[in-house]
*Asks:* 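The structure under discussion is supplied below as structure tokens; questions concerning it will follow.
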Amino acid sequence: MEVIYLNHAATSWPKPPEVIRRVRETLEAPPVESGRGNGRGADPLRACRESLATLFGMRDPSRVVLTAGATHALNLAIVGAVGTLAGAVGTRDGTLETLGGAPVRCVTSVLEHNSVLRPLRHLERDGRLALDFLSLDEFRDPAAVARRLRDGTRLVVLTAASNVTGARPDLPTVAALCEEAGAILVVDAAQAAGAFPLDMPSLGPRALVALAGHKGLLGPAGSGALLVGEGFRDDEVPPLLVGGTGVRSDLPFQPSEWPLHLEAGTMNLPGFAGLAAGVDLVLGEGVERIGAHRAHLTTLLLDWLEEIPGVQRHRPLPGELAAGVAAFNLAGWDPGEAALVLQESWDIVTRGGLHCAPLALPALGWPSGSLRASVGRSSTEADVHALVAAVRTLAASSAAAA
Amino acid sequence: MTGRKDDERDREREGQRNVSALTIREIALVEDCFEDSAIREIRLARALDETAVFRLATIGDLEYHPEFPRPFFRVRIPGGSYLKGVVGAESFRVFFPRPPDAAELRALGEAVEAALALPVPNSDR
């Protein structure tokens with residue numbers, strides 16, 4: 001049987017031929033000293049930075065920091081923001097000297113992924129952060145953020161689109177509120193990038209946006225980026241890693257300018273070459289067009305699931321359908337078991353469990369998790385139809401057993 | 001002469017048994033989304049066939065779905081554990097009601113061994 005892949009929220013697959021070709025060409029070509037300006041061939045890092053800057057409306061590609069993924073980018077953003085807000089001095093050797101004082105007040109949401117929650121929890125455990133959570137209902141309501149900002153919150157960390165429900169906050173409004181309050185906004189755009197238009201300038205000068213390269217941006221795993229608002233000094237986002245840069249090797253400490261101070265060590269050239277190809281594809285086809293395709297398939301999936309007895313599903317708002325996720329449960333089947341049967345019996349790849357968002361599923365009333373089917377650019381109506389037919393068979397079998 | 005024929009017959013029977021025998025390669029931990037996973041995977045030397053599934057059913061209540069593209073089975077065994085898998089796969093999973101200790105794994109292995117007429121698996125995971 002042919003594999004039907006409906007797990008694009010985890011990672012997109014199959015990768016477009018253009019991405020695979022660019023990765024292969026980079027591996028086969030003589031190595032260039034990418035980013036150093038002295039190579040004879042194309043510079044994959046520069047190309048990737050410029051493509052990402054174009055996609056996200058940024059004037060200055062040097063504020064696109066290439067990372068190992070969204071988790072890496074979020075760690076840079078959160079640690080940097082907390083240090084800045086606590087009055088810490090980010091030093092160029094990668095350490096953060098805090099000046100003491102009260103923990104930074106931060107609001108995040110119950111919909112966040114562990115790539116957000118765990119860095120925040122670690123800082124909270126160290127006494128550097130006081131955490132508050134927006135509930136499911138508050139997540140879409142900028143007034144709930146405004147209330148926290150009035151009460152002294154100075155850091156807002158939100159996903160641009162939930163990887164479980166697809167829910168989205170009103171980011172431009174939240175960004176304006178943050179700017180007014182002197183707060184920093186950190187956005188986890190791992191799921192949103194490549195599915196929804198996202199314009200960095202609309203988020204103001206004090207926003208940090210984390211991207212995964214391997215989901216909607218169609219690149220290889222191990223690639224991502226941190227987009228840095230123009231209002232940040234380089235010492236406000238200190239490095240987590242320091243080391244070789246290939247230039248200014250006579251300096252005892254990490255060079256200070258963007259993005260070099262955050263890109264120590266040999267970079268993942270094939271990965272970023274592939275990501276550049278993926279981003280170029282998204283630019284060529286248009287985020288709106290890809291988003292519309294994803295929204296159409298998600299609508300079909302949710303509508304068809306609704307007709308199956310025993311299916312409980314979460315329905316995103318119309319403007320959230322491009323996230324491409326459908327979370328649901330099926331009476332008589334544990335979500336992990338249902339995912340296993342779909343894969344083993346039908347060769348349909350979905351995902352069962354908590355989806356690395358451990359607060360979201362209990363908040364939805366599903367403490368044991370859910371099944372999640374997620375569509376992408378390469379998904380088809382036939383894929384969705386095959387899943388629905390399989391779920392219908394599963395539902396019928398559990399009804400018969402009951 | 002008679003003794004030699006008996007020996008040959010014994011060897012033939014042994015050979016047939018080896019051809020049809022399913023051996024457990026290992027019992028492995030399967031991680032899930034929770035801190036202590038209660039799921040283990042029994043990995044076999046070759047694929048399960050329908051006969052093997054019905055042998056597994058001797059240790060519990062079988063729910064069998066031949067209507068699925070690859071037939072699925074779920075065997076509820078006393079104590080609340082489940083064996084789950086598909087015909088044609090080289091492994092199946094055990095879902096315990098709580099994370100099992102070494103004794104529970106050994107008991108499960110022995111039960112499966114008895115059902116499939118296999119040697120006791122050499123594993124404590």
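Reminder, nothing fancy here: chain letters follow the sequence lines and each chain counts from 1.
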*Asks:* Under the salt bridge (Lys or Arg N to Asp or Glu O under 4.0 Å) test, which residues partner A:Arg392, sequence neighbours left out?
*Replies:*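 So A:Arg392 forms no salt bridge (Lys or Arg N to Asp or Glu O under 4.0 Å) with any residue.
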*Asks:* Can you tell if the side chain of A:Glu344 reaches within under 4.5 Å of the side chain of B:Arg70, non-hydrogen atoms only?
*Replies:*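 With C-beta onward as the side chain, the pair stays apart.
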*Asks:* If you look at every heavy atom in A:Gly352 and B:Cys33, which pair is closest and at what distance?
*Replies:*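 Where A:Gly352 meets B:Cys33 most closely, the heavy atoms are O-SG, 4.5 Å.
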*Asks:* So which part of B:Tyr82 gets closer than 4.5 Å to some heavy atom of chain A, the side chain, the backbone, both or neither?
*Replies:*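 For B:Tyr82, no heavy atom lies under 4.5 Å from chain A.
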*Asks:* Could you list the donor-acceptor pairs under 3.5 angstrom formed between side-chain atoms of residues 379-389 of chain A and any protein atom two or more places apart in sequence or on another chain?
*Replies:*
| unit_1 | atom_1 | unit_2 | atom_2 | d |
| --- | --- | --- | --- | --- |
| A:Ser379 | OG | A:His8 | NE2 | 3.3 |
| A:Ser379 | OG | A:Gly376 | N | 2.9 |
| A:Ser379 | OG | A:Gly376 | O | 3.4 |
| A:Thr380 | OG1 | A:Ala382 | N | 3.3 |
| A:Thr380 | OG1 | A:Asp383 | N | 3.1 |
| A:Thr380 | OG1 | A:Asp383 | OD1 | 3.3 |
| A:Thr380 | OG1 | A:Asp383 | OD2 | 3.3 |
| A:Glu381 | OE2 | A:His296 | NE2 | 2.7 |
| A:Asp383 | OD2 | A:Thr380 | N | 3.1 |

*Asks:* How long is the gap from CG on A:Asp334 to CD1 on B:Ile39, to the nearest 0.5 Å?
*Replies:*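 Here the interatomic distance stands at 7.5 Å.
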*Asks:* Going by salt bridge (Lys or Arg N to Asp or Glu O under 4.0 Å), name the residues that satisfy it together with B:Asp61, two or more places apart in sequence or in a different chain.
*Replies:*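 Scan of B:Asp61 (salt bridge (Lys or Arg N to Asp or Glu O under 4.0 Å), adjacent residues dropped) gives none.
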*Asks:* Let me confirm one number: the OG-NE2 distance from A:Ser398 to B:His65, rounded to the nearest 0.5 Å.
*Replies:*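 Reported to 0.5 Å precision, the distance equals 8.0 Å.
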*Asks:* So does A:Arg118 have more than 12 non-hydrogen atoms from other groups sitting under 6.0 Å from CZ?
*Replies:*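 For A:Arg118, atom CZ is not crowded (no more than 12 foreign heavy atoms under 6.0 Å).
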*Asks:* Tell me, with the steps shown, if B:Phe72 and A:Ser397 meet side chain to side chain contact (heavy atoms under 4.5 Å, CB included).
*Replies:* CA-CA 11 Å; B:Phe72 173 74; A:Ser397 71; over 6 Å; no
*Asks:* For residues 90-97 of chain B, give me every residue with a non-hydrogen atom less than 4.5 Å from any non-hydrogen atom of chain A.
*Replies:*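 Expected list: B:Arg93, B:Phe95.
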